[in-house]
J.: 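To start, I am sharing the structure in question, which I have written as structure tokens.
Proteins come first, then strands; the chains are lettered A, B, ... in the order of their sequence lines, and each starts at number 1. Predicted, not measured: the structure shown is a model, and the values here were computed from it.
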Amino acid sequence: MTTRDTMKKQLENLISQAVAVLKVQGVLDADLNPAINIERTRDVAHGDFASNIALMLAKPAKTNPRQLAEQIIAALPTNDAILKVELAGAGFINFFMNPNAQYQVIADIQAASDNFGKSQIGVGKKVQVEFVSANPTGPLHVGHGRGAAYGSVVGNLLTATGFEVHCEYYVNDAGRQMDILATSVWLRYLEACGETFTFPSNAYRGAYVRDIAQTLVEHHGKNYAHPTATVFADLPLDEPQGGNKEEYIDALISRAKQLLGDGYRVIFDVGLNNILDDIKDDLAEFGVTYEQWFSERSLMDDGSIEKALAVLKSNNYLYEKDGAIWFKSSELGDEKDRVVIRDNGQHTYFASDIAYHWNKLERGFDTLIDIWGADHHGYIPRVKAALNALGADETKLHVLLVQFATLWRGEEKVQMSTRSGEFVTLRELRDEVGIDATRFFYVMRRSEQHMDFDLELATSKSNENPVFYVQYAHARICRVFEQLIEKGFTQDVALGMANLTELTAEHETALLTTLARYPEVIERAATQYEPHLLINYLRELATDFHTYYNAHQFIVESDTLRNARLNLITAIRQVLQNGLMLLGISAPVAM
RNA sequence: GCGCUUGUAGCUCAACUGGAUAGAGCACCAGCCUUCUAAGCUGGGGGUCGCAGGUUCGAGUCCUGCCAAGCGUACCA
């Protein structure tokens with residue numbers, strides 16, 4: 001399971017030992033606790049790794065950087081992997097590694113295989129990742145898809161780095177939007193029962209609502225039917241008739257509850273379960289799985305909301321105004337105070353969200369990650385304010401924002417209109433593009449970056465398509481091993497291992513470095529919640545491999561060189577596989 | 001108006017969180033294709049890091065002020 005410390009880590013340890021020595025010598029203050037930062041160099045003339053530690057410490061040590069660098073170098077413990085250490089530039093310490101040390105990565109990859117790149121940095125820490133959490137009022141669309149892909153990869157990355165990860169979907173199975181859905185279903189059901197009327201402008205108009213109404217007819221006949229005249233008696237005007245669409249739909253909801261009695265809950269649940277099941281299937285097919293589907297309604301049923309509000313009240317953060325109960329979020333960094341209980345006695349969505357986030361922390365998570373659409377950014381201050389007001393540790397909550405994706409078909413923008421209900425669903429996108437390309441494109445960019453998703457590019461079988469390019473590198477390696485057998489050879493791993501030093505071509509040493517970087521990339525991508533770093537890395541690795549492939553023959557006559565090369569590409573294949581696995585993308589053996 | 005996010009090559013995006021000469025892909029230009037997959041290959045040109053100040057050994061990265069785009073600014077979720 002555990003892989004060796006990366007070279008970066010080893011060097012960090014050496015420097016921190018040197019710093020400790022200088023503290024003892026009195027060169028550095030004992031209470032100085034610098035963050036030691038080793039970087040891979042961009043320029044080979046600067047060696048393999050560089051540290052700016054002397055530049056950072058020069059001021060507190062009241063000395064000049066170059067002199068301090070000299071002292072650090074002098075205090076550095078010796079290490080077989082290091083060829084030489086140089087002082088350069090303004091005070092950089094450059095490390096040149098022993099060329100023979102670079103081959104170790106192939107043995108490391110072979111030994112760790114599927115586990116290469118995993119680490120223990122998160123061991124003992126519980127992280128909850130909440131993502132998608134779309135209202136179950138309709139199918140997921142392409143906006144939700146990006147959050148789904150992003151959240152699941154962040155979860156995979158955190159798991160790979162040792163965190164105990166709990167992925168969760170918050171189901172908004174209560175509240176006004178769900179009432180609108182239930183009422184929409186009922187109205188479509190009435191239509192199916194033969195009633196005719198104008199469908200409300202603010203109701204859900206998607207075709208799926210009709211489908212649900214149809215199943216309701218099939219299972220319950222006309223049990224919930226009422227004549228149009230009764231249903232619409234004495235209602236205010238809808239918006240197109242000069243009224244208010246919100247008041248109109250609210251009146252219809254009340255009417256539904258009044259006429260249906262217990263039946264309202266039946267229809268409500270049929271709508272909810274139908275759509276939720278569809279969302280679950282959709283996500284499962286997309287390779288996105290959850291530890292828990294957390295019900296908002298459960299927070300009402302078990303009194304969590306009342307409890308949370310009671311704490312806010314006793315902490316003096318609630319007051320009454322205009323018949324509603326307000327939370328003093330403006331005292332804790334929010335722009336203004338927020339309503340938690342409306343004047344009609346109903347609690348707001350925010351009220352249950354307060355209870356929900358409190359509940360999360362009560363469950364003992366060290367870190368909470370919420371992944372939201374960027375349009376919800378204004379919501380962050382009030383949630384943090386609420387946690388503060390409850391006396392909880394608000395710094396444990398990290399809200400990651402995901403910008404929406406714009407779909408393109410070549411030069412043409414794919415129009416989307418949520419208003420008419422004619423948006424592109426995630427399922428349609430998956431059907432057209434495939435799971436692999438969909439996931440890849442979704443996490444290819446930094447999450448807070450607006451992104452263009454080109455459907456034509458994503459489905460094209462060319463090197464311009466980055467998914468294809470990376471997967472093809474994997475398939476190509478597999479193909480080499482088929483060729484090997486066709487040519488009558490067999491791989492001799494031990495012989496290859498014994499002769500890795502024959503891998504001296506520029507392409508080969510470049511690949512060794514790229515392979516060694518993989519664990520660093522995973523660690524960084526995980527701790528920064530930035531999956532796109534992994535994508536970038538895999539594209540680089542694929543590029544390095546393809547160039548190598550084009551420049552050199554692997555299946556050569558020399559037994560030692562051939563097997564050394566085969567071991568190198570075996571290692572590349574393994575890392576490609578591991579990386580793609582974390583992204584939830586297949587590593588095809590042939591294309 | 002206020003708040004958040006974004007602004008890097010013609011286009012789409014990176015840049016190890018303050019490091020050394022800002023990098024890829026596409027497009028463009030010039031060469032190349034008898035090979036384990038030409039579903040290409042090699043090389044090249046291309047930059048006022050939105051603008052202007054500031055902080056320091058050092059700024060695309062931090063601070064301030066402008067400019068532009070997106071989003072938000074509900075007793076909706």
J.: May I ask you to check whether A:Tyr442 and A:Tyr150 place their ring centers less than 6.0 Å from one another?
T.: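 No, too far apart.
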J.: Considering only atom P, compute the distance from B:G54 to B:C71 and round it to an integer number of Å.
T.: 35 Å
J.: When rounded to the nearest Å, what value does the distance between P atoms of B:G7 and B:C49 take?
T.: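 Those two atoms are separated by 14 Å.
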J.: What does the list of N/O pairs under 3.5 Å between the protein and nucleotides 9-14 of chain B look like, with a distance for each?
T.:
unit_1, atom_1, unit_2, atom_2, d
B:U12, O2', A:Arg445, NH2, 3.0
B:C13, OP1, A:His450, O, 2.9
B:C13, O2', A:Arg445, NH1, 2.7
B:A14, OP1, A:Arg446, N, 3.1
B:A14, OP2, A:Gln449, NE2, 3.2
B:A14, O2', A:Asn536, ND2, 3.1

J.: Enumerate the residue pairs fulfilling salt bridge (Lys or Arg N to Asp or Glu O under 4.0 Å) with a member in residues 542-565 of chain A, sequence neighbours excluded, ordered by first and then second residue.
T.: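 Listed once each, the pairs are A:Glu508-A:Arg565, A:Asp559-A:Arg562.
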J.: Determine the contact category for A:Gln403: base if any of its heavy atoms lies under 4.0 Å from a base atom, sugar-phosphate if only primed atoms, P, OP1 or OP2 are that close, otherwise nothing.
T.: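 Since only primed, P, OP1 and OP2 atoms lie under 4.0 Å of A:Gln403, the category is sugar-phosphate.
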J.: Write down the distance separating the P atoms in B:C66 and B:A27, rounded off to the nearest Å.
T.: 42 Å
J.: So which nucleotide from B:U37, B:U5, B:C75 ends up closest to the side chain of A:Thr348?
T.: B:C75
J.: Please measure how far the P atom in B:A14 lies from the corresponding atom in B:A59, and state the result in whole Å.
T.: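 Approximately 23 Å lies between the P atom of B:A14 and that of B:A59.
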J.: Is any side-chain N of the basic residue among A:Glu168 and A:Lys360 closer than 4.0 Å to the acidic one's carboxylate O?
T.: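 Result for this pair is no, no salt bridge flagged.
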J.: Rounding to the closest angstrom, what is the interatomic distance between B:U56 and B:C63 at atom P?
T.: 15 Å
J.: Check every strand shown and say whether A:Asp343 touches a base, only sugar-phosphate, or nothing at a heavy-atom separation below 4.0 Å.
T.: base
J.: Both A:Asn463 and A:Asn52 contact RNA chain B. Taking the nearest nucleotide for each, which residue is further toward the 5' end?
T.: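 On the 5' side of the pair lies A:Asn52.
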J.: Using heavy-atom distances to pick each residue's nearest nucleotide on RNA chain B, tell me which of A:His347 and A:Arg539 is more 5'.
T.: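 The answer here is A:Arg539.
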J.: With A:Thr183, which of A:Asn202, A:Ile253, A:Asp250 fulfils side-chain contact (heavy atoms from CB on, under 4.5 Å)?
T.: A:Ile253
J.: Within this structure, what is the CG-to-C1' distance between A:Asn94 and B:G19, rounded to whole angstrom?
T.: 11 Å
J.: On a whole-Å scale, what distance lies between the C1' atoms belonging to B:U8 and B:G50?
T.: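 These two C1' atoms come out 10 Å apart once rounded.
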J.: Using a heavy-atom distance cut-off of less than 4.0 Å, which residues of residues 38-49 of chain A contact RNA chain B?
T.: A:Glu39, A:Arg40, A:Arg42, A:Asp43, A:His46
J.: Could you check whether A:Ala50 gets within reach of a base, just the sugar-phosphate, or nothing at all, counting any heavy atom under 4.0 Å?
T.: base
J.: Taking the side chain of A:Val480 as its heavy atoms from C-beta onward, which of B:A39, B:U5, B:C36 lies nearest to it?
T.: B:C36
J.: Centre-to-centre under 6.0 Å for A:Tyr548 and A:Phe554, is that the case here?
T.: yes
J.: Inspect the contact between A:Asp353 and A:Arg338 and indicate whether a charged nitrogen and a carboxylate oxygen are less than 4.0 angstrom apart.
T.: no
J.: For residues 321-328 of chain A, tabulate all N or O donor-acceptor pairs below 3.5 Å that involve a side-chain atom, not counting sequence neighbours.
T.:
unit_1, atom_1, unit_2, atom_2, d
A:Trp326, NE1, A:Lys321, O, 3.1
A:Lys328, NZ, A:Asn316, O, 3.2

J.: OP1 or OP2 of B:C57 sitting under 4.0 Å from any side-chain N/O of A:Lys59?
T.: yes
J.: With a cut-off of less than 4.0 Å, is there a side-chain N or O of A:Arg479 near OP1 or OP2 of B:C36?
T.: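 Result: no.
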J.: Take A:Met7 and A:Phe95 through the test side chain to side chain contact (heavy atoms under 4.5 Å, CB included) and record every step on the way to the result.
T.: CA-CA 11 Å; A:Met7 193 54 68; A:Phe95 294 88; over 6 Å; no
J.: Could one point to a donor on the side chain of A:His377 or the base of B:G3 with an acceptor on the other under 3.5 Å away?
T.: yes
J.: Identify, with sequence neighbours excluded, every residue that meets ring-ring contact (aromatic ring centres under 6.0 Å, His included) alongside A:Tyr248.
T.: none
J.: Taking the P atom in each of B:C26 and B:C41, what is the distance between them to the nearest angstrom?
T.: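 It works out to 8 Å between them.
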J.: How would you label the contact of A:His546 with the nucleic acid (heavy atoms, under 4.0 Å): base, sugar-phosphate, or nothing?
T.: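 The answer is nothing, as A:His546 stays clear of every strand by at least 4.0 Å.
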J.: Closest approach of A:Leu484 and A:Ile555, non-hydrogen atoms and distance?
T.: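 Of all heavy-atom pairs spanning A:Leu484 and A:Ile555, the closest is N-CD1, 3.7 Å.
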J.: Is the shortest side-chain N to carboxylate O distance from A:Lys9 to A:Glu523 below 4.0 Å?
T.: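 Looking at A:Glu523 together with A:Lys9, the answer is yes, because their closest N to O distance falls below 4.0 Å.
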J.: Identify which nucleotide among B:A77, B:U17, B:U42 has an atom closest to any side-chain atom of A:Asn37, counting heavy atoms from C-beta outward.
T.: B:U17
J.: Is A:Phe92 stacked on the base of B:A20 when the test is centres under 5.5 angstrom and planes under 30 degrees?
T.: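 Yes, the aromatic ring of A:Phe92 stacks with the base.
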J.: Where the side chain of A:Gln177 is concerned, which of B:C71, B:G25, B:A77 is the nearest nucleotide?
T.: B:A77
J.: Among the candidates B:C57, B:A77, B:C2, find the nucleotide nearest to the side-chain atoms of A:Leu55.
T.: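 Of the options given, the side chain of A:Leu55 lies nearest B:C57.
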J.: According to a 3.5 Å limit on both distances, what stems of 3 or more consecutive Watson-Crick or G-U pairs are formed with RNA chain B?
T.: B:1-7 with B:67-73, B:10-13 with B:23-26, B:28-32 with B:40-44, B:50-54 with B:62-66
J.: Within 45 degrees of the axis of the six-membered ring of A:Phe468 and under 6.0 Å from its centre: does A:Lys461 put its NZ or CZ there?
T.: no
J.: Check step by step if side-chain hydrogen bond (donor to acceptor under 3.5 Å, both in side chains) holds for A:Glu502 and A:Thr560.
T.: CA-CA 8 Å; A:Glu502 291 195 30; A:Thr560 52; 2.7 Å; yes
J.: From C-beta outward on A:Lys461, which listed nucleotide comes closest to its side chain: B:U17, B:A77, B:A39?
T.: B:A39
J.: Ignoring the backbone of A:Arg524, work out which of B:A77, B:G72, B:C16 is nearest its side chain.
T.: B:C16
J.: Applying a 4.0 Å non-hydrogen cut-off, can you work out what A:Glu448 is touching in the nucleic acid: base, sugar-phosphate, or nothing?
T.: sugar-phosphate
J.: Round to a whole Å and report the spacing from NE2 of A:His507 to P of B:C41.
T.: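 Computing the A:His507:NE2 to B:C41:P distance gives 12 Å.
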